[in-house]
Amino acid sequence: MKIERFAEGISLKRSVEAGTADQRKAVQDIIYDVRKSGNAALHTYTERFDGVSPGELLVSEQEMEDATAALTAEQLDIIQEAANNIRMFHEKQIRNSWFTTDDTGTMLGQKLTPLDAVGVYVPGGTAAYPSSVLMNALPAKAAGVERIVMVSPPGKDGKLSPAVLAAAKIAGVKEIYKVGGAQAIAALAYGTETIKKVDKIVGPGNIYVALAKREVFGDVAIDMIAGPSEIAILADETAIAAEVTADLLSQAEHDVRACSVLVTTSTSLAEEVASEVTKQVALLPRHDIAAASIRDYGRIVVCGKMAEAVEAINELAPEHLEIVTKDALEIMAKIRHAGAIFIGRFSSEPVGDYFAGPNHVLPTNGTARFSSPLNVDDFQKKSSIIMYSETAFRKNAEKIAAFARMEGLEAHARAIESRSVNESGKGPE
Ligand SMILES: NC(=O)c1ccc[n+]([C@@H]2O[C@H](COP(=O)([O-])OP(=O)(O)OC[C@H]3O[C@@H](n4cnc5c(N)ncnc54)[C@H](O)[C@@H]3O)[C@@H](O)[C@H]2O)c1
Ligand SMILES: N[C@H](CO)Cc1c[nH]c[nH+]1
């Protein structure tokens with residue numbers, strides 16, 4: 001990994017652009033085909049990209065049972081314990097409808113309603129993600145969503161991984177289809193003969209999934225663009241190079257387009273991490289992916305002062321940020337843009353990927369500037385409630401009608417005055 005010095009004007013912005021023109025075109029074509037040909041297109045693209053024919057798209061009850069039976073009791077317990085932590089964290093986020101009244105008897109408020117149908121994307125191209133099943137489905141359950149539809153690409157055996165299906169069972173997801181990529185997003189957005197369309201699509205995925213979500217946005221809601229994973233580590237001389245390196249590689253192994261960045265005030269840490277990366281990456285089973293990610297998107301940036309390091313992180317707006325420094329809490333207070341912030345040596349990023357409870361579906365590619373982690377609010381919508389009392393109405397009718405006339409909207413004014421005329425004789429002229 002190359003070591004750079006922080007300097008005025010250095011750009012730390014993520015260098016992976018939001019898809020190439022070719023990728024965007026490929027995704028548009030896939031979506032068009034699925035809208036036109038439904039299930040047939042899902043089969044064609046699954047054969048092309050996943051190299052397998054899934055047969056029935058819907059996962060059967062037998063497949064669910066076989067999946068649970070394929071895991072050890074210990075594995076099932078781990079998924080269950082993670083699910084408990086994730087459920088607890090998200091249940092704290094549940095909001096209720098609220099109403100307020102004043103002394104005229106007017107009532108105002110917000111009525112919260114869970115979405116009727118939500119599609120959750122669980123990635124599955126190069127790895128299986130039972131943790132993403134829990135992270136997507138449990139907040140939807142907490143919000144009260146009735147229909148949760150899960151999609152994920154089948155493996156080479158034409159099936160979903162047992163751990164993914166076991167996690168779905170633990171999370172209470174029953175409608176699951178073996179289809180992934182842009183074709184799955186199109187099916188969720190527009191429906192096919194087998195898959196009924198949903199109202200919102202959530203969940204992470206690779207660049208094709210992220211581009212497809214962006215493409216269908218407007219016809220359905222989406223949560224955010226949660227694309228290839230990212231980690232930034234803000235460290236000083238107190239950090240241990242081997243640990244920092246391992247954490248950088250934990251995200252690099254996700255995807256050749258994943259991004260790992262060390263921002264440090266310590267030149268010696270930077271040098272140690274640079275040589276440690278070379279050693280550790282060679283020993284990883286997913287060496288090819290991690291090495292390509294580090295080569296193309298890995299960076300080590302040395303800053304003269306902690307204030308510069310904080311500035312660099314805020315510019316990067318990373319999906320994950322680890323702070324491994326003295327006075328880490330004080331530094332955390334200065335961070336404005338990051339999807340999830342892991343504080344201290346024992347908050348290694350995978351603690352959050354699997355177990356702690358906060359959601360691992362997080363904004364990437366700088367979108368942490370304006371997006372939040374997936375949460376219960378993503379699965380509820382609000383209706384405003386307005387119940388004006390007669391007293392409040394009569395007190396304000398003239399002002400409301402006058403406001404309408406400022407906009408030149410006479411019918412609005414007359415709607416108000418149609419009530420006033422009966423009681424007070426102040427109707428339209
Ligand atoms: N941000 C988050 O919260 C988060 C969480 C977990 C995983 N991730 C990311 O999810 C991604 C998982 O990626 P993955 O590839 O393993 O699984 P995936 O399920 O996202 O993508 C696999 C699908 O991509 C499609 N595809 C592959 N090559 C294609 C091509 N040339 N043209 C069109 N479509 C193509 C195929 O349909 C395939 O089924 C990684 O980028 C990982 O970093 C992000
Ligand atoms: N790091 C991913 C979010 O970018 C989430 C994940 C799932 N499994 C392992 N990691």
Side-chain angles (χ1 to χ4, degrees), residues 16 19-20 22-31 33-34 41-52 54 82 86 120-136 150-156 160-161 163-164 167 177-187 202-213 223-231 247-260 286 289-290 293 297 318-320 322 339-340 342 348-356 358-365 367-368 371-374:
V16 60
T20 62
D22 284 352
Q23 287 167 334
R24 282 197 292 274
K25 171 81 172 61
V27 163
Q28 284 162 354
D29 288 349
I30 293 170
I31 293 172
D33 279 352
V34 173
L42 300 185
H43 281 95
T44 304
Y45 287 115
T46 303
E47 276 162 30
R48 183 174 308 165
F49 297 125
D50 303 308
V52 69
I86 296 162
V120 302
Y121 188 88
V122 174
T126 70
Y129 287 98
S131 56
S132 297
V133 176
L134 305 179
M135 295 291 180
N136 278 298
M150 187 178 119
V151 292
S152 189
K156 293 288 169 230
L160 296 189
S161 106
V164 162
Y177 299 100
K178 290 170 266 181
V179 60
Q183 56 277 19
I185 300 297
V202 303
N206 66 13
I207 191 71
Y208 299 100
V209 173
L211 287 174
K213 281 171 71 184
D223 50 348
M224 70 185 94
I225 303 295
S229 303
E230 304 166 352
I231 184 167
D247 290 6
L248 290 171
L249 292 174
S250 76
Q251 298 311 290
E253 78 167 344
H254 272 296
D255 193 315
V256 292
R257 296 180 186 84
C259 174
S260 306
R286 286 164 70 90
I289 295 178
S293 153
Y297 299 107
E319 179 193 16
H320 306 103
E322 284 186 9
F342 297 74
S348 169
E349 196 273 354
V351 169
D353 280 342
Y354 297 108
F355 213 72
N359 211 289
H360 82 199
V361 182
L362 297 164
T364 58
N365 206 14
T367 58
S371 295
S372 309
L374 189 67

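Remember, predicted model here, so these are calculated numbers, not experimental data. Indexing begins at 1, ligand by ligand and atom by atom, following the structure's order.
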Close N or O approach (Thr364, ligand 1; < 3.5 Å) = no

Checking Glu47 side chain against Thr44 main chain: does a donor-acceptor pair fall under 3.5 Å?
-> no

Within the side chain of Asp255, is there an N or O that forms a donor-acceptor pair under 3.5 Å with the backbone of Ser229?
-> no

Check whether any side-chain heavy atom of Val361 lies under 4.5 Å from a side-chain heavy atom of Met224, and answer yes or no.
-> yes

Any idea which of Val151, Val122, Asp50 brings a heavy atom closest to atom 39 (O) of ligand 1?
-> Asp50

With heavy atoms only and a cut-off of under 4.0 Å, state how Thr126 meets ligand 1: side chain, backbone, both or neither.
-> both

Report yes or no: does His360 contribute a side-chain atom to a donor-acceptor pair with the main-chain N or O of Asp353 at less than 3.5 Å?
-> yes

Nearest protein heavy atom to atom 42 (C) of ligand 1, by residue and atom, and its distance?
-> Ser229 OG, 3.6 Å

For Leu362, counting its heavy atoms only, list the atoms of ligand 1 lying under 4.0 Å from any of them.
-> 1 (N), 3 (O)

Separation between CG of Asn206 and NE2 of His254, rounded to the nearest 0.5 Å | 12.5 Å

Is the backbone of Gly227 close enough, under 3.5 Å, to the side chain of Arg257 for a donor and an acceptor to pair up by distance?
-> no

Determine, considering heavy atoms only, which of Arg257, His320, Glu319 sits nearest to atom 1 (N) of ligand 1.
-> Glu319

Of Asn206, Ile185, Val256, the one whose closest heavy atom lies nearest atom 22 (C) of ligand 1 is Asn206

Among all protein heavy atoms, pick the one closest to atom 36 (C) of ligand 1 and tell me residue, atom and distance.
-> Phe49 CB, 3.5 Å

Validation row: Ile225, Asn365 side chains within 4.5 angstrom (heavy atoms) = no

Number the atoms of ligand 1 from 1 as they appear, then name those within less than 4.0 Å of a heavy atom of Val361, with their elements.
-> 3 (O)

To the nearest 0.5 Å, what is the distance between CG (Leu362) and CD (Glu319)?
-> 5.0 Å

Counting only heavy atoms, which portion of Pro153 has something under 4.0 Å from ligand 1: side chain, backbone, both, or neither?
-> side chain

Within the side chain of Lys156, is there an N or O that forms a donor-acceptor pair under 3.5 Å with the backbone of Asp50?
-> yes

Step by step, work out the side chain to side chain contact (heavy atoms under 4.5 Å, CB included) result for Met150 and Asn136.
-> CA-CA 9 Å; Met150 187 178 119; Asn136 278 298; over 6 Å; no

Counting each atom of ligand 1 from 1 as listed, which ones have a heavy atom of Val209 under 4.0 Å away?
-> 20 (O)

Non-hydrogen atoms of Tyr121 versus ligand 1: any pair closer than 4.0 Å?
-> yes

Around atom 6 (C) of ligand 1, find the nearest protein heavy atom and jot down its residue, atom name and distance.
-> Pro204 CG, 3.7 Å

Does Thr46 use its side chain to pair, donor to acceptor, with the backbone of Leu42 at less than 3.5 Å?
-> yes

Among Ala127, Gly227, Gly203, the residue with a heavy atom nearest to atom 9 (C) of ligand 1 is Gly227

Could you tell me whether a side-chain N or O of Thr20 sits under 3.5 Å from a main-chain N or O of Gln23, the two making a donor and an acceptor?
-> yes

Sequence neighbours left out, what passes salt bridge (charged side-chain N to carboxylate O under 4.0 Å, His left out) with Asp247? Give chain and number order.
-> none

Return a yes/no value for Gly124: is any of its N or O atoms, backbone included, closer than 3.5 angstrom to an N or O of ligand 1?
-> yes

Among all protein heavy atoms, pick out the one at the shortest distance from atom 12 (C) of ligand 1; state its residue, atom name and that distance to 0.1 Å.
-> Pro123 CB, 3.6 Å

Which residue and non-hydrogen atom of the protein lie closest to atom 26 (N) of ligand 1, and at what distance in Å?
-> Tyr208 CD1, 3.7 Å

Is the shortest heavy-atom distance from the side chain of Gln251 to the side chain of Tyr297 under 4.5 Å?
-> no

Exercise answer, ligand 2 polar atom pairs (N/O) under 3.5 angstrom:
{"residue": "ligand 2", "atom": "1 (N)", "partner": "Gln251", "partner atom": "OE1", "Å": "2.8"}
{"residue": "ligand 2", "atom": "1 (N)", "partner": "His254", "partner atom": "NE2", "Å": "3.0"}
{"residue": "ligand 2", "atom": "1 (N)", "partner": "Asp353", "partner atom": "OD1", "Å": "2.9"}
{"residue": "ligand 2", "atom": "1 (N)", "partner": "Asp353", "partner atom": "OD2", "Å": "3.3"}
{"residue": "ligand 2", "atom": "4 (O)", "partner": "Ser229", "partner atom": "OG", "Å": "2.8"}
{"residue": "ligand 2", "atom": "4 (O)", "partner": "Glu319", "partner atom": "OE1", "Å": "3.2"}
{"residue": "ligand 2", "atom": "4 (O)", "partner": "Glu319", "partner atom": "OE2", "Å": "2.7"}
{"residue": "ligand 2", "atom": "8 (N)", "partner": "Ser131", "partner atom": "OG", "Å": "3.4"}
{"residue": "ligand 2", "atom": "10 (N)", "partner": "His254", "partner atom": "NE2", "Å": "3.2"}
{"residue": "ligand 2", "atom": "10 (N)", "partner": "Asp353", "partner atom": "OD2", "Å": "3.1"}

Do Thr367 side-chain atoms and Thr364 backbone N/O form a donor-acceptor pair below 3.5 Å?
-> yes

Tyr129 N/O to ligand 1 N/O under 3.5 Å | no

Can you pull out the closest protein heavy atom to atom 41 (O) of ligand 1? Residue, atom name and distance to 0.1 Å, please.
-> Asp255 OD2, 2.5 Å

Which of the numbered atoms in ligand 1 are below 4.0 angstrom from a heavy atom of Gln183?
-> 37 (O)

shortest atom 14 (P) of ligand 1-to-protein heavy-atom contact is with Gly125 N, 3.7 Å

Check the pair Val209 / Ile185 against side chain to side chain contact (heavy atoms under 4.5 Å, CB included), numbers first and verdict last.
-> CA-CA 7 Å; Val209 173; Ile185 300 297; 4.1 Å; yes

Interatomic distance, CD@Glu322 vs OG@Ser250, rounded to 0.5 Å, equals 7.0 Å

Using a strict 4.0 Å cut-off to heavy atoms of His360, name the atoms of ligand 1 that fall inside it.
-> 2 (C), 3 (O)

